[in-house]
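Accompanying notes for the structure given below.
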Amino acid sequence: MANNETNENPAGRDFIRAIVADDLAHNRTGGRVATRFPPEPNGYLHIGHAKSIALNFGIAEEFGGVCHLRFDDTNPETEDVKYVEAMQRDLRWLGYDWGDHLYFASDYFEQLYDWAVQLIKDGKAYVDDLTDEEIRAYRGTVTEPGKPSPYRDRSVEENLDLFARMRAGEFEDGARVLRARIDLASPNMKMRDPVMYRIRHAHHYRRGDEWCIFPLYDWAHGQSDAIERITHSICTLEFENNRELYDWFLDALDIPEPRPHQYEFARLFLDYTVMSKRKMLQLVNEGHVSGWDDPRMSTVAGMRRRGYTPESIRNFANGVGVARVNSRVQFELLEYHVRSDLNHKAPRVMCVLRPLKVVIENYPEDKVEWLDAPYWPHDVPKEGSRPVPFTREIFIERDDFMENPPRKFYRLSPGKEVRLRHAYIIRCDEVVKDKQGEVVELRCSYDPETKSGSSVQRRVKGTIHWVSASESLPAEVRLYDRLFIKPNPDDVAEGATFLDALNPNSLEVLTGSRIEPSVASDPPASRYQFERQGYFIADAVDSRPGGLVFNRTVALRDTWRPGKPEPEPRPKMKTKEQGASAERTRGTASDARRRVREANPELIRRYERYRQEFGLSELDADLLTGDLASGDFFEAALATHPAPRSIANFMNNELLGRLGNSGFPALPFSPAEFAELVALVDEDVISTNIAKEILDEMVAKGGRPGEIVEQRGLRRIDDSEALRPIIDQVLADNPDKVAAYRGGKTGLLGFFMGQVMRATQGKANPQLVQQLLKERLA
RNA sequence: UGGGGGAUCGUCUAACGGCAGGACUGCGGCCUUUGGAGCCGUCAAUCGGGGUUCGAAUCCCUGUCCCCCAGCCA
């Protein structure tokens with residue numbers, strides 16, 4: 001289900017799709033869905049982008065909408081057309097199509113400028129002469145409000161004049177900026193008069209020298225969305241604070257609904273990789289990797305060169321899940337998707353990475369036997385085979401021979417037999433060593449009766465791959481491992497950087513490998529499985545006929561672990577035990593209530609009275625006396641239904657959570673009506689669950705509980721005779737569950753309860769139902 | 001310390017207030033001319049403490065921890 005591009009119900013996949021489906025159902029977007037993928041062309045696309053791409057393009061496709069590709073190119077100093085081209089190439093390779101919807105924020109500069117002028121005229125933007133340091137200082141800190149710039153109250157005329165001259169190029173870089181006039185004291189730093197335009201006398205890769213003022217992200221992005229009539233502007237969590245500003249600009253420009261709305265999700269982090277373009281650029285520039293397309297890079301270009309397929313990346317991106325929790329995905333999940341896609345795409349061939357010579361002494365000297373070897377294993381439903389030459393001298397993998405093998409070593413060792421894949425069973429008769437005592441050659445004999453596919457049923461436990469010594473081709477093989485040694489490369493000691501976490505062994509180059517000759521004339525970038533080794537791809541840049549070079553895409557899963565019986569204990573690193581340590585005084589809600597109460601004798605009086613006279617718990621009394629409004633509502637309700645503990649209970653546990661920002665006074669019903677609802681529960685007229693349902697309705701549109709009960713027939717069902725047939729029906733419908741319950745799975749009682757309650761629309765007396773259920777199930 | 005978010009198996013992610021499920025990983029078995037694949041099985045979680053409710057991962061209170069915001073980057 002997770003890795004499934006052909007979804008069943010998109011709305012159920014994640015919270016963003018649920019929002020889109022809901023917006024469509026309520027016609028909030030005029031029936032349209034338009035998303036966008038908005039990269040800044042200052043680097044290469046990476047696996048993190050892939051998640052966003054899959055989300056935005058996926059939503060568009062699933063809901064019959066469109067997804068725009070928009071280059072967010074508002075910063076001339078870092079952007080380049082080469083990145084624009086690379087990004088489009090990578091996007092297409094991944095299999096995404098934006099049709100005609102290719103856009104550039106830099107195409108909107110005129111409109112953005114006109115809108116800025118409009119804001120100035122409305123008194124909502126001004127030119128500021130402060131330096132960047134001064135602006136920073138004036139902005140305040142997260143705990144202290146900022147203060148207005150001395151230029152904040154310039155006249156509209158002066159602002160207009162200055163802004164026009166900014167555009168005309170009269171001022172130096174950084175001399176002036178245009179800022180939105182919002183609120184220097186806002187608790188949201190993003191709202192403290194954000195900068196909209198800066199002066200940069202820089203060459204823009206698309207607009208040339210036409211502009212010397214450039215809009216900043218917050219000013220450009222939402223407005224670009226509005227211009228393109230984007231319905232759902234999906235970005236990552238770190239832009240949460242920007243949403244208020246996003247909406248402020250749209251409001252200030254009077255852009256009516258349906259208009260774009262921003263939603264945030266958690267960006268992807270992958271173990272053993274870095275995900276920032278800045279850090280990737282550093283890896284490239286400082287030569288830690290060979291380029292943006294180094295197969296160790298988690299760029300799309302790197303993964304392509306590594307041999308990953310577009311499908312595997314898409315499946316992974318769709319499989320990681322979209323939520324609002326910061327998370328870090330394990331590398332194994334990516335590798336799983338790569339292997340599972342390649343399994344049925346990569347033909348099997350044999351390549352010996354680290355050769356060891358084997359002479360088959362009872363095989364004729366000059367004979368070359370061409371064996372027919374299927375490209376696909378029995379469980380991949382594909383046809384095709386190639387001829388593989390068998391000769392007296394062959395190479396096998398050094399790892400496949402051990403002079404003193406441990407138990408369960410199903411390969412070759414002195415006196416032991418092994419099957420050569422697609423060929424014969426051989427026995428190791430003699431081990432030849434050099435002066436240093438290193439094994440340099442094996443003398444073996446083969447059993448001519450055991451040719452692969454023949455009817456002879458002699459079986460040996462192990463099968464190894466091999467190539468002919470004389471007929472095989474030399475090859476260079478590059479083995480890649482993770483680029484970093486730490487799951488989170490940024491998690492390094494004080495003073496260290498992610499570069500200190502670089503894996504010195506992330507690349508191993510094997511120059512003496514030998515591969516079977518069938519691959520000689522395959523097209524560039526062909527993928528294979530080298531049997532028993534892994535998936536490989538002919539390197540698109542360096543491999544050529546006569547000079548074959550292969551990159552290891554991913555190794556095969558290997559469950560054989562010699563001499564390692566104990567799996568590593570799993571790290572248990574939850575901070576279960578949180579010290580009940582320091583009693584810091586923080587601005588918590590309970591403190592706030594206490595402070596308010598202590599400053600108001602009336603509230604103290606109430607608190608005491610609620611405790612003494614009404615017998616309320618400390619908690620209930622506290623909650624009702626943190627302000628005047630709560631107690632007022634409480635006491636007014638008491639006048640109708642003098643049951644303080646019930647009222648307090650329902651107020652604190654049910655009403656509180658349903659209260660909007662404006663509190664009790666804004667409720668569309670009176671304390672008396674609320675009291676009436678509580679009384680209905682106390683008098684056993686309705687069940688508590690029904691009361692909550694009614695409360696939902698009252699909060700939404702007011703109404704008298706008594707009338708709602710009668711109109712909708714919500715009285716509690718206390719009649720056993722009425723309940724019994726319903727219970728019996730539920731039990732009859734679920735014989736397996738009944739058996740399981742009787743077998744000891746008593747947790748199922750909740751299931752039966754739920755079924756019965758649903759069948760009665762929540763009206764049944766739950767205690768009664770439970771009692772009857774237990775009787776029936778006994 | 002202000003504001004905005006968040007916390008479910010080792011990891012990622014589900015669950016109208018009603019059986020805590022799935023995937024990856026691990027472990028075990030079956031199968032196998034790849035120690036691959038496949039199949040079967042299995043270990044494994046609701047951050048802590050109170051409360052409401054017949055019933056709480058979910059609602060209320062409270063504590064703890066984590067992330068984001070003080071670029072003229074995006």
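Below, each value reflects all heavy atoms present in this structure, side chains not excepted, and no hydrogens, waters or symmetry copies. Proteins get letters first, then strands, A, B, ... in listed order; numbering begins at 1 in each.
A donor-acceptor pair is defined here as one N or O able to donate and one able to accept, closer than 3.5 Å; such a pair exists between the side chain of A:Arg419 and the backbone of A:Ala423. Side chain of A:Glu40 to backbone of A:Glu79: no donor-acceptor contact under 3.5 angstrom is found. Here the side chain of A:His337 pairs no donor or acceptor atom with the backbone of A:Ser312 at under 3.5 angstrom.
Taking only side-chain nitrogens and oxygens, A:Thr131 never comes nearer than 4.0 Å to OP1 or OP2 of B:rC72. For A:Arg136, no side-chain nitrogen or oxygen approaches OP1 or OP2 of B:rA70 to under 4.0 Å. Taking only side-chain nitrogens and oxygens, A:Arg267 never comes nearer than 4.0 Å to OP1 or OP2 of B:rC68. Phosphate proximity of B:rU62 to A:Arg593: present, with a side-chain N or O under 4.0 Å from OP1 or OP2.
Interface remark: the A:Gln770 side chain does not form any donor-acceptor pair with the B:rG55 base, using a distance-only criterion of under 3.5 Å. With hydrogens and angles ignored, no donor-acceptor pair under 3.5 angstrom links the side chain of A:Asn75 to the base of B:rG71.
Distances were taken from every side-chain heavy atom of A:Met753 (C-beta onward) to each of B:rC61, B:rA7, B:rG18; the shortest belongs to B:rG18. Listed nucleotides: B:rU62, B:rG2, B:rU11. Nearest to the side chain of A:Gln330: B:rU11.
Using a 4.0 Å cut-off between a side-chain N of Lys or Arg and a carboxylate O of Asp or Glu, A:Glu335 and A:Arg557 do not qualify as a salt bridge.
Here B:rG71 is in the syn range [glycosidic angle within 90° of 0].
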Sequence-aligned protein contact record of nucleotides 29-35 of chain B, with B where the base is within under 4.0 Å of a protein heavy atom and S where only the sugar-phosphate is: ---BBBB
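Counting only Watson-Crick or G-U wobble pairs whose defining distances are both under 3.5 Å, the stems of 3 or more consecutive pairs in RNA chain B are B:2-7 with B:64-69, B:10-13 with B:21-24, B:26-30 with B:38-42, B:47-51 with B:59-63.
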Table of protein N/O atoms under 3.5 Å from nucleotides 56-59 of chain B N/O atoms:
unit_1	atom_1	unit_2	atom_2	d
B:rC59	O2'	A:Asn653	O	3.2

